[in-house]
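For reference, the structure discussed in these notes is given below.
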Amino acid sequence: HQEISLSNYQSLYDNESNRPFLTSFGQIEQRSPVARIGGILSVRGEFWGAARNSDLNAKGRDIMRANAGVRYQQVWDLAVGTQLAFEHESRLDHFVINQDDAYDTHNTANTHSSALTLRWPLIGRSKTGAHFVEPIYQIASVYRPKDITVPVEESTHSEFDQGNLLALSRFPAPDRVESAQSRALGVNYNYRGMTGYELGLSLGKIESETQPSGFSLTSGLARAKSDLLFATQMETPFGLNFYARTLLATTGKAGKSEVISKFNFKKYSVDGRYSFLPADDVEQRTEDIAEWTLNQSYQMGDNWHLSNSLR
C-alpha cells in the first residue's frame, strides 16, 4: 500500500490565519507472511506536515512528524471453536516543531503495544434462519518509555465506535497515545432469515487500569470505565433498512447517537436521519445539538430525476 497527498487551503475568513494553509501526508506499508512461526508481519512508514502563513510565535507554528513501525499479527484456532489472536506493534515517532517556544524543536519517542483477543463464534440454525453470536474479550497494554509533549494537531476529536473497540490506540493519529493497560469486552449477534430479513446487534465496553487522558467527555472514552457502545441494524427484503448507534453512560443516559432509516421501492427512495451531539466544550459545543434530515427522490424517466431535502 502506498499513498501520498498534498493539500492547500484558502480560508474565506480573515480571522483564521492560525489554520494551516498547506498539509502533506504520505504512507507506505508492506505486508508479508512469516514462514516458520506463521502470522503476518507489517512494516509501515508515514509522514505528515502542516505549514502556516504567520511568522508569529505559536500562531504560526509549523509541524512535521515521521513515523516508522513494525506490527506482527497471529491467529490460532483453539478448542470448541474459539480463536485467540495476538498483535504487537513497535513504533518510532519523531516530531519537528518550528515557531512555537512552548515545545522543543525535536521530539522523539517509541511506543510498544500488545494485545490478546479471545473470540468464541457460535452458529445456530433453525427453520427460519441462521443465528450467529460472537463474544469477544481483549486485554491490551501500551508502553511508552519516554513521554513527550507535542501539540495536538490531528487527534482533536476521538470517538468510541465499533471500528476501534479492539484497536491498540483509539486516537486517529500518533500525536496522542494511550499508555495504559486495558480490557475490552464485546458481543456481536447476527440473524439472517430465509426470507431475506437480516438483524445485527453489537455491544462493547472498555475498562482501563488508569484514568484515560486526551478524550473529551462525550467521546465515551473519558472515564476508566467507558460508556456502553450499542449498535444495531436491520435489513428487510422489501427495501426498508434501519441503522442505529449510541453511547450509554453508566447512568443509562444516551450520549452521541445516530439513527438512519432508508426505504427503496422501484423508482422511489426516502432517507431519514436523526443525530444527537451533547454539549462539549472540548469539541466547541456549548449546548446540545439535535438534527433531523429527510431526503426523497423519484426517478421520473431516463433523463429526469426529482428530489427534495428537508433539514
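All residue numbers in this chain count up from 1 along the given sequence.
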Presence of salt bridge, [Y] and [X], under 4.0 angstrom:
X: Glu159; Y: Arg170; value: no
X: Lys256; Y: Asp280; value: no
X: Arg273; Y: Glu291; value: no
X: Lys205; Y: Glu207; value: no

Residues, nucleotides or ligands: over 12 heavy atoms within 6.0 Å of Gln284 CD: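 Result for CD/Gln284: open.
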Ring center gap for Phe171 and Phe215 short of 6.0 angstrom: yes
Measure the CG-CG distance between Asp93 and Asn110 for me, rounded to the nearest 0.5 Å. 8.5 Å
Once rounded to the nearest 0.5 Å, what's the spacing between atom OG1 of Thr232 and atom CG of Leu201?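 Result: 5.5 Å between the selected atoms.
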Closest approach of Ser158 to Ser219 (non-hydrogen atoms, all atoms of both residues): O-CB, 2.9 Å
Ser202 and Asn188: which non-hydrogen atoms are nearest, and at how many Å?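 That would be OG-OD1, 2.9 Å.
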Is there a donor in the side chain of Tyr243 and an acceptor in the side chain of Glu258, or the other way round, less than 3.5 Å apart?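 Side chains of Tyr243 and Glu258: no pair found under 3.5 Å.
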CA sep, side-chain torsions, deciding dist, call: Arg223, Gln211, side chain to side chain contact (heavy atoms under 4.5 Å, CB included): CA-CA 6 Å; Arg223 299 176 180 86; Gln211 186 78 10; 4.3 Å; yes
When you measure from the side chain of Gln299 to the backbone of Trp304, do you find a donor-acceptor pair of N or O atoms at a distance under 3.5 Å?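 Indeed, once roles are kept as given, a pair shorter than 3.5 Å links the two residues.
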Do the rings of His131 and Tyr191 sit parallel, tilted or perpendicular, given the 30° and 60° boundaries?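 Correct class here is tilted.
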[X] vs [Y] side-chain heavy atoms within contact, under 4.5 Å:
X: Tyr137; Y: Trp120; result: no
X: Ile97; Y: Arg61; result: yes
X: Val150; Y: Arg65; result: no

